[in-house]
Number of protein chains: 2
Amino acid sequence: MALFVGRYVNKIDKKGRVSVPKPFRLAFVEQSFAGLYAYPLFKFNAFEACGEDFMERLSNSLEDLPMFSDEQDDLSVILESAHRLPFDPEGRVALPSEILKATGITSQTLFVGRGRRFQIWEPKAYEVNRGQAFARAKARGATLQLRTPPKREGEES
Amino acid sequence: MALFVGRYVNKIDKKGRVSVPKPFRLAFVEQSFAGLYAYPLFKFNAFEACGEDFMERLSNSLEDLPMFSDEQDDLSVILESAHRLPFDPEGRVALPSEILKATGITSQTLFVGRGRRFQIWEPKAYEVNRGQAFARAKARGATLQLRTPPKREGEES
DNA sequence: TAGTATCCCATTGACGCCCATCAATACCCA
DNA sequence: TGGGTATTGATGGGCGTCAATGGGATACTA
């Protein structure tokens, strides 16, 4: 299991904790850090979450850029805005107030699988956005060019 | 744990001490020197901090520049202006007056994770800067192209 | 010897850990 | 195939621990 798929709605308790869906948690087992990293999305009032390996990757990519460059500074916003959220023994995380405020989450949290990462939404906000995206895609007659399947070792072209 | 991620605000006491956030301190455990190095940034009224290993890396990078060149002289200011700040038993450091003055820090200190290093800001000064960076990223569409291709199970690097 | 730096101890408030309960689902057997 | 049961994930809440903070005592130094 390595992919985040599907949507799940879980409650937030008085302490601000919310259970991360079990299927999602399973994708974290091979990580050195038992928890997730959440960073804000630019386009939506929602957060995206990933594991430590992705964060390392991001950090290393930033290191390739020249130190003190604008480029590095701008991209570093992700690292700066990220929250490190450890799982409690029951697989819950405590959502910091910044996330609650930015997403509008109060009583329920929506987890949206996105493959390698997943998103965290306020359920109704997601519905609205999803409706709009669907309408746009419909109006546009949206098409998608699928990428050629990635080649693994030992495979012919 | 080796990455600095997220933001933390801590108080400064009468003696000029401030607690380095525990998650940040953890990234120093494998360092030979129990403390941090802080050097000023050119672009902002803020300081950047790192461990001994990164400092060595920085020093080595400077040596790669032509000896006696203006470039090397200019960037070497970083080393000249760096402060070596040891942790006290509680994990605090005493910020020297030069840092307080240059950053405008008085009662609170903001620690900003940046991956392999982190920055030290006066909270409000950072807010302004971050707002701008976030707006730029948003305006730009902020699609982030990662340099390092993701490695999957069974794939070679 | 005043000023400073370092260490040690106390307080407190948030957070992590543990245990109990509930609900949904999977499993088992007649 | 239906009903009963076991399992497990989600949820709630109490409590202990630890990180952050404050202040005092002591060593050091200029």
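Protein chains get the first letters and strands the later ones, always in sequence-line order, with residue 1 at the start of each. Reckoned from all heavy atoms, side chains included, excluding hydrogens, waters and symmetry mates. This structure is a prediction, so every number in the text was calculated from the model and none was measured.
Note on A:Arg25: every side-chain N or O is 4.0 Å or more away from OP1 and OP2 of D:dT8.
Across residues 94-108 of chain B, not one residue has a non-hydrogen atom less than 4.0 Å from an atom of DNA chain C.
One can place CZ of B:Arg92 at 10 Å from C1' of C:dC7, the figure rounded to the nearest angstrom. Between A:Lys14 atom NZ and C:dC15 atom C1' the separation is 17 Å, expressed in whole Å. Put simply, CG on B:Asp88 is 15 Å from C1' on D:dA25, counting in whole angstrom units. Atom pair A:Phe24:CZ and D:dG9:P shows a separation of 15 Å (rounding to whole Å applied). Taking atom CG of A:Asp13 as the reference point, atom P of C:dT21 lies 18 Å away to the nearest angstrom. Atom CG in B:Asn10 sits about 16 Å away from atom P in C:dG13, given to the nearest Å. Between A:Lys22 atom NZ and D:dT11 atom P there is a gap of 14 Å when expressed in whole angstrom units. When rounded to the nearest whole Å, the span between CG of A:Leu110 and P of D:dA10 equals 14 Å.
Looking at which nucleotide of DNA chain D each of B:Ser19 and A:Ile12 is closest to, the 5′-most match is held by A:Ile12.
Side-chain atoms of B:Glu90 and base atoms of D:dC18 include no donor and acceptor less than 3.5 Å apart. A donor N or O paired with an acceptor N or O is found under 3.5 Å between the base of D:dG23 and the side-chain atoms of B:Arg17.
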Check: Given the rule in the side chain to side chain contact (heavy atoms under 4.5 Å, CB included) test, do B:Ser107 and B:Ile12 qualify, once you have shown the distances and angles that lead to the verdict?
Finding: CA-CA 5 Å; B:Ser107 61; B:Ile12 300 207; 5.8 Å; no
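The side chain of A:Pro21 lies closest to D:dA10, out of D:dT21, D:dA10, C:dC17. Of the candidate nucleotides D:dA10, C:dC7, D:dT21, D:dT21 has the atom lying nearest to any side-chain atom of B:Lys11.
Between A:Arg17 and A:Glu90 there is no salt bridge, since none of the side-chain N atoms of the basic residue sits less than 4.0 Å from a carboxylate O of the acidic one. Contact check on B:Lys43 versus A:Asp70 returns a salt bridge, with a Lys/Arg side-chain nitrogen under 4.0 Å from an Asp/Glu carboxylate oxygen.
A distance of 6.0 Å or more separates the ring centres of B:Phe47 and B:Trp121. Between A:Phe24 and A:Phe28, the ring centre distance reaches or exceeds 6.0 Å.
Among the heavy atoms of the strands, none lies under 4.0 Å from B:Pro86. Note on B:Val18: nothing from the nucleic acid sits closer than 4.0 angstrom, heavy atoms only.
For the pair A:Leu75 and A:Leu65, the minimum side-chain heavy-atom distance is below 4.5 Å.
Judged purely by distance below 3.5 Å, without hydrogens or angles, the side chains of B:Thr103 and B:Glu122 never pair a donor atom with an acceptor atom.
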